[in-house]
2 protein chains.
Amino acid sequence: MLENLQKIRLEKPVDKIIEQIRSLIQNGDIEPGQKLPPERKLAERFGVGRSQVRDAIRKLELYGILKTHPQSGTVVAGIGLVALEGLITDVLELDHHDFNSLVKTRVLLEKESAKEAANRRTEEDITQIKKALKAYEAKIVQGLPAVEEDLLFHIKIAEASKNNVLKSLMMIITPEIVTNYNRLKVCGTGEGIKALNEHKEILKQIVNQEPELASQSMEKHLQNVLEFSLKMNH
Amino acid sequence: MLENLQKIRLEKPVDKIIEQIRSLIQNGDIEPGQKLPPERKLAERFGVGRSQVRDAIRKLELYGILKTHPQSGTVVAGIGLVALEGLITDVLELDHHDFNSLVKTRVLLEKESAKEAANRRTEEDITQIKKALKAYEAKIVQGLPAVEEDLLFHIKIAEASKNNVLKSLMMIITPEIVTNYNRLKVCGTGEGIKALNEHKEILKQIVNQEPELASQSMEKHLQNVLEFSLKMNH
DNA sequence: GACCAATAATTGGTTGACCAAATATACGGG
DNA sequence: CCCGTATATTTGGTCAACCAATTATTGGTC
């Protein structure tokens, strides 16, 4: 009841503007590839200020939905109505990701990273991964928290995969992952040695160019948190 | 030579500001969880206008790197230096994705969607996928382009996976995928019937709750474009 | 010293005016 | 009618001033 009241009040003007831009596109008033009306016109039409329209446009620009040309106008991406609709829906539903979906997706991306790292790593990649592993080990041996070092180890593997889209997607979900891990206290104490050995195993398989084994070891490494996420899902 | 000249001139002020904010964080001037200096102070310090600082902050906010509290200040996410550094690097390297990485990653996400759709689909999901397939078929039968209908079919499968993170990531790469497909003229004519039959096969396996088969059929469905991307990579 | 209320200062959000670049229009000549 | 040039208009980008909310400071009381 009170929660419903709060939710209505938290609705953001920028999101309302995005909804209205979506309607313009859905109604066929503006087609993919065409220009939006000028900012001033949109502000007038939506009954808001120009700076709010700009904020909405900036947000949609980051998602590839709009493309602004200075002193010229703002064009809707020519990617088709279905893609536009799906993306705008996604923009408006941000921060509604459940923890289980986050973890499952992380597992998928990490497995693929490990597999591709085994396929494509260079000597320099191996050096970087080893360095990250060494830093992780130093923390674990001292019984200190090693979240940063753990994450760096995973990032170095993603870099060794030579798939920068994969790495981007991993980085994009990282804030929510880390925030949820902290909130839910996922990284308990006492499992550092086990995780360290799993890291070593994964690295060995990457060095030896064994993609399937690396992928399996990565999955095993993340199995606990996956099971945890099933229980804690909300 | 001339290209190098152009590149320097195209460097965006917002990105330069982001680089400077990154330095503040890397140098330990600002730690994760702490407040940035006020916008006016940053503008003065960086020798730019406040509206440019705001644009940079807005962008970093969308990535979960910063969190702005009205009339209070802007806090750096407490997700650790490694995550922050990785994310800021990613923000600054936008639009440098090679086509092969894009397609490989798409294949990975689509396979998982099909697999999870087979595991978790509801009757309503099946209805939606069938509807999308029917629309696709109508276009193929007429020999018309069916990019929109194809994409909608894939989106409906992602929805049936019940993993909204997976769906978000698929949407996020879609603009670049579609743009590259258009640019490289990936969707030639003449393969509509084959693709239609592959869609039908995938749907059958989702209906029958056969996750491994659905995943394999999806991979097979996307094999051509994957091979194409290896040749066209740049 | 701790606590509270009032006031002042600071902060991000917003506005209208101005600026520089792009586009549209008008005009003259062939 | 077409083309080129000059001018006017429009557009997104930027700025300083203002606004509303938050935080810090001040002064009084116990």
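Small disclaimer: the values here were computed from a predicted structure and weren't measured.
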Looking at A:Asp125 and A:Thr122, would you say the former's side chain and the latter's main chain have a donor-acceptor pair under 3.5 Å?
yes
If we ignore hydrogens and angles and just use 3.5 Å, is the side chain of B:Asp55 paired with the main-chain N or O of B:Gln52 as donor and acceptor?
no
Quiz question: by atom type and distance under 3.5 Å, do the side chains of [X] and [Y] form a donor-acceptor pair?
X        : Y        : result
B:Asn182 : B:Thr179 : no
A:Glu85  : A:Thr89  : yes
A:Glu191 : A:Asn224 : yes

Taking side chain as C-beta onward, heavy atoms only, is B:Ile177 less than 4.5 Å from B:Ile173?
yes
For the residue pair B:Glu149 and B:His199, establish whether any side-chain heavy-atom pair is separated by less than 4.5 Å.
no
Just wondering, are more than 12 heavy atoms of other shown residues or ligands nearer than 6.0 Å to NZ in B:Lys162?
yes
Rounded to whole angstrom units, what separation is found between the [atom1] atom of [X] and the [atom2] atom of [N]?
X       : N      : atom1 : atom2 : value
B:Glu39 : C:dT10 : CD    : C1'   : 12 Å
B:Leu36 : C:dT11 : CG    : C1'   : 13 Å
A:Ile17 : C:dT14 : CD1   : C1'   : 12 Å

Heteroatom pairs (N/O) under 3.5 angstrom, protein to nucleotides 15-17 of chain D:
unit_1, atom_1, unit_2, atom_2, d
D:dC15, OP2, B:Gln52, OE1, 3.4

Scan residues 63-78 of chain A against DNA chain C and write down, sorted by residue number, each residue with any heavy atom closer than 4.0 Å; if none is found, say none.
A:Pro70, A:Gln71, A:Ser72
Name the residue closer to the 5' end of DNA chain C, choosing between A:Asp55 and A:Lys35 according to the nucleotide with the nearest heavy atom.
A:Asp55
